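The structure appears below as structure tokens.
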2 protein chains.
Amino acid sequence: MTVDAVRGGVPEHGRVPKYYTVKTQLQNLLAELGEGALLPAERDLAAAYGVARSTLRQAISELTMEGRLRAHRGRGTFVASPKLIQPLSLSSYTEALREMGHVPSRRLITEERLPAGSLAGDLAIDPADEVLHLERVLLADDEPLGLESTYLPAGRFGDLMDGWDATGSLYRHVADRYQVRYAQATERIETVLASPREAQLLNTNPAQPMLLMQRVSADQDGVPIERVRSLYRGDRIGFVTRLTG
Amino acid sequence: MTVDAVRGGVPEHGRVPKYYTVKTQLQNLLAELGEGALLPAERDLAAAYGVARSTLRQAISELTMEGRLRAHRGRGTFVASPKLIQPLSLSSYTEALREMGHVPSRRLITEERLPAGSLAGDLAIDPADEVLHLERVLLADDEPLGLESTYLPAGRFGDLMDGWDATGSLYRHVADRYQVRYAQATERIETVLASPREAQLLNTNPAQPMLLMQRVSADQDGVPIERVRSLYRGDRIGFVTRLTG
DNA sequence: TAGTGGTCTAGACCACTTT
DNA sequence: AAGTGGTCTAGACCACTAT
């Protein structure tokens, strides 16, 4: 009987947490199994590695957040495919995704008119003026990738929805119908965690790290076009941009 | 005695996880307490909200990852100050941080020479050629903000360290000493989780969501200058950039 | 019905800080 | 010595999926 066994429930406290050792072992296992493979059940893996299920779950949880694993309740946990990398550009993601060989689509969640309120400043309108709010789930190959909330001045774009398929490119539609050129934008990027509602819409877990992108676009005259709040699944996508000076 | 009490260890399963309800309650508490305030101890809060300590900890953990709380082992948990927002630009963060009224500094962790290996492609050198690797912790107001690994061709910048204070701006030093102009860069942005080593260096928790920025910079002739891997604490900093088309 | 991942409880020991 | 956050265990019930 080893010292550790005698200690019973007491963990051996080295510098590296036990779950991280398990995570490393799992990473090796994933490499062996290969993309798309089904992982053994959590209870079996915990027994195999000699840890409690919740310790095993911490390791699995991190690999899931990083995009290495994908869990489905009732079915099992699978080895995931690599992240998409999307260019950070003025236009929406339609063309970029197509160029990478994926099929972009969208699902309309919310369509409403609201008083601009605190959005008034960004959109250079009066707080009492109305804005059009579109909330859409962005999908790649029919899998949720992000959640996009767009706010446009209703005075200028109020009839936007008339005869438009909301599963298509909003960028293209606005540019064509209103003869608007997206000339510049300011974009803010940070990490946040998904709320339960967002997690459900994106078919992921709450507490999944997300990339939050908040953009204000303007036309060639510097007049604001829209304010967009995009929440992207951090396990599924990254971005690339080009800097010059 | 309520129905819930009779059910004992069984949670009431609504759509919203219990820890998320607690998280919302905590957010209200934080607003009342104000920046810098000390939170009650976890065991007390758990009792006050009527949940197990690990459930309370999940709520606290999310607020910590989001930058709303800061935990110190043995001392307590405090209400944090807001995130920094740094411009995404070619130059390093020195001037940007100064402009925002903060004090930038760095701590040298690693200085070594290595064969370029897989970095050779990015740096347009031979895999057998050596690169200089500098690993530094970036600090703002003496608090760790990020971990930066820079790889430069040793053939061109090998004497970089001679008479240079590694806590100063590398960008400024390279530009001045070698008469190099940082003309362009490609930057990749994604979310990752901190490893235990990174978490320790950044004085944060493992599993903290981080912003990983990977950059290759080139001079006006398109010759690669450096490859930089920067890992920023997602709870402490965000970025802003300007897009044009 | 059996099995899977998701959530929660209760209790323990650890490393660290303050008194 | 006492108190704090960090990690781990063992066991339970839930919602969902496949058979």
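Just so it is clear, the model here is predicted, and its values are computed rather than measured.
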Name the pairs: protein N/O against N/O of nucleotides 2-4 of chain D, kept only if under 3.5 Å.
residue, atom, partner, partner atom, Å
D:dG3, N2, B:G74, O, 3.4
D:dT4, O2, B:G74, N, 3.2

Next item on the list: Establish, with yes or no, whether the OP1 or OP2 oxygen of D:dT9 is under 4.0 angstrom from a side-chain nitrogen or oxygen of A:K18.
Entry: yes

Check: Do any pairs count as a salt bridge (Lys or Arg N to Asp or Glu O under 4.0 Å) and have a residue in residues 72-81 of chain A, sequence neighbours left out, and if so which ones?
Finding: none

Note to self: Please report the distance, rounded to the nearest Å, between CG in A:L38 and P in C:dT4.
What the structure shows: 9 Å

Next item on the list: Mind calculating the distance between CG (A:L45) and P (C:dT4) to the nearest angstrom?
Entry: 11 Å

Checklist line | Nucleic acid contacts of residues 49-64 of chain B, taken as heavy-atom distances under 4.0 Å to DNA chain D | finding: B:R53, B:R57

Next item on the list: Answer yes or no: are there more than 12 heavy-atom neighbours, outside B:N28 itself, under 6.0 Å from its atom CG?
Entry: yes

Check: Under the criterion salt bridge (Lys or Arg N to Asp or Glu O under 4.0 Å), which of A:R106, A:R107, A:R197 is the partner of A:E135?
Finding: A:R197

Note to self: Restricting to salt bridge (Lys or Arg N to Asp or Glu O under 4.0 Å), what partner residues turn up for B:R68, sequence neighbours left out?
What the structure shows: none

Item checked: Euclidean distance, atom CZ of residue B:R70 to atom C1' of C:dT17 [Å, nearest integer] -> 18 Å

Note to self: Are the side chains of B:I85 and A:R188 in contact, using a 4.5 Å heavy-atom criterion?
What the structure shows: yes

Note to self: I need the OH-C1' distance between B:Y19 and C:dT9, as an integer number of Å.
What the structure shows: 17 Å

Item checked: Rounded distance in Å - CG (A:L69) to P (C:dT4) -> 16 Å

Checklist line | salt bridge (Lys or Arg N to Asp or Glu O under 4.0 Å) partners for A:R172, two or more places apart | finding: A:E95, A:D176

Checklist line | Contact list for residues 45-61 of chain B, test salt bridge (Lys or Arg N to Asp or Glu O under 4.0 Å), sequence neighbours left out | finding: B:E42-B:R53, B:E42-B:R57

Checklist line | Residues, nucleotides or ligands: over 12 heavy atoms within 6.0 Å of A:D142 CG | finding: no

